[in-house]
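Scroll down for the structure; my scribbles are underneath it.
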Amino acid sequence: TIARLYRTYKPMNFYGVVAAVLAVLSVGFLIPILVKYSQTHLVPNFPTLFVCGFVMLAAIQSFFSGMMLEVMAAKDRKDFEYRLNRVHGEHQERKGL
């Protein structure tokens with residue numbers, strides 16, 4: 001429940017952490033492949049290389065999802081405040097009449 005609430009109210013932080021973890025995992029598995037490639041000019045573990053690429057794509061996708069959700073949440077908060085001020089203004093007009 002706490003994770004769901006955090007994801008809802010702070011989407012950039014939540015998805016940013018997910019993106020960072022995925023990126024670190026991807027780079028962590030990529031480093032031995034690059035070292036081996038620099039020594040032999042051969043890539044012995046193609047499946048690991050492909051998985052590193054796809055995990056990095058997932059990290060990038062997670063980061064941009066967090067960005068978009070953060071913008072949407074900010075817009076929703078701004079729209080809520082606008083509606084609240086509008087209702088309050090209408091209430092003040094009726095009260096004055």
Side-chain angles (χ1 to χ4, degrees):
T1 303
I2 292 173
R4 252 185 274 141
L5 284 171
Y6 188 70
R7 184 186 70 198
T8 301
Y9 288 102
K10 299 284 186 179
M12 186 58 202
N13 293 347
F14 181 80
Y15 287 104
V17 168
V18 171
V21 168
L22 289 173
V24 166
L25 280 173
S26 176
V27 170
F29 281 108
L30 183 65
I31 289 173
I33 294 172
L34 292 176
V35 169
K36 188 79 79 163
Y37 177 76
S38 68
Q39 294 170 351
T40 63
H41 296 291
L42 297 172
V43 179
N45 300 335
F46 273 110
T48 305
L49 181 64
F50 293 149
V51 169
C52 287
F54 283 118
V55 170
M56 187 56 79
L57 287 174
I60 292 168
Q61 185 176 8
S62 177
F63 177 76
F64 283 110
S65 296
M67 282 180 53
M68 288 188 297
L69 289 170
E70 185 73 28
V71 169
M72 290 169 57
K75 183 185 179 312
D76 287 343
R77 283 190 291 271
K78 188 183 281 187
D79 288 345
F80 175 75
E81 187 175 338
Y82 172 75
R83 286 192 307 265
L84 186 65
N85 287 334
R86 189 171 146 197
V87 167
H88 182 68
E90 290 174 0
H91 178 70
Q92 291 297 328
E93 285 178 8
R94 288 181 189 166
K95 194 175 180 181
L97 294 176

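Ser65 contributes a side-chain N or O that, together with a main-chain N or O of Gln61, makes up a donor-acceptor pair within less than 3.5 Å. Formation of a donor-acceptor pair under 3.5 Å by the Thr8 side chain with backbone atoms of Arg4 is found in this model.
Closest non-hydrogen pair, Ser26 versus Met56, comes out as OG-CB, 3.6 Å. Residues Tyr15 and Ser62 come closest through the heavy atom pair O-OG, 3.1 Å. The shortest non-hydrogen separation linking Met12 to Gly66 is SD-C, 3.6 Å.
Looking at Glu90 and Arg86, a side-chain N of the basic residue comes within less than 4.0 Å of a carboxylate O on the acidic one, giving a salt bridge. No salt bridge links Asp79 with Arg83; every basic N to acidic carboxylate O contact stays at or beyond 4.0 Å.
Grouping the Ile, Leu, Val, Met, Phe, Trp and Tyr side chains by contacts below 4.5 angstrom, directly or via other members, places Tyr6 with Val18. Both Leu22 and Leu69 belong to a single network of hydrophobic side chains, linked directly or stepwise wherever heavy atoms of I, L, V, M, F, W or Y lie under 4.5 Å apart. Note on Phe63: it does not cluster hydrophobically with Val17, by side-chain heavy-atom contacts below 4.5 Å among ILVMFWY residues. In the hydrophobic clustering of this structure, Phe64 does not group with Phe14; members are Ile, Leu, Val, Met, Phe, Trp, Tyr whose side-chain heavy atoms approach within less than 4.5 Å, directly or through other members.
Contact annotation: the side chain of Ile31 approaches that of Val35 to within less than 4.5 Å [non-hydrogen atoms, C-beta and beyond]. By the 4.5 Å heavy-atom criterion applied to side chains, Glu70 and Asn13 are not counted as neighbours. Under the 4.5 Å side-chain criterion, counting only non-hydrogen atoms from C-beta, Val51 is not in contact with Phe29.
For the atom pair Asn45 CG and Leu30 CG, the distance stands at 11.5 Å (nearest 0.5 Å). Note that CD of Glu81 and NZ of Lys78 are 9.0 Å apart. Values are rounded to the nearest 0.5 Å. A distance of 9.5 Å separates CD1 in Ile33 from CZ in Phe46, rounded to the nearest 0.5 Å.
In terms of the ring pair (Phe, Tyr, Trp, His ring centres under 6.0 Å) criterion, residue partners of His41 (sequence neighbours excluded) are, by chain and number, Tyr37.
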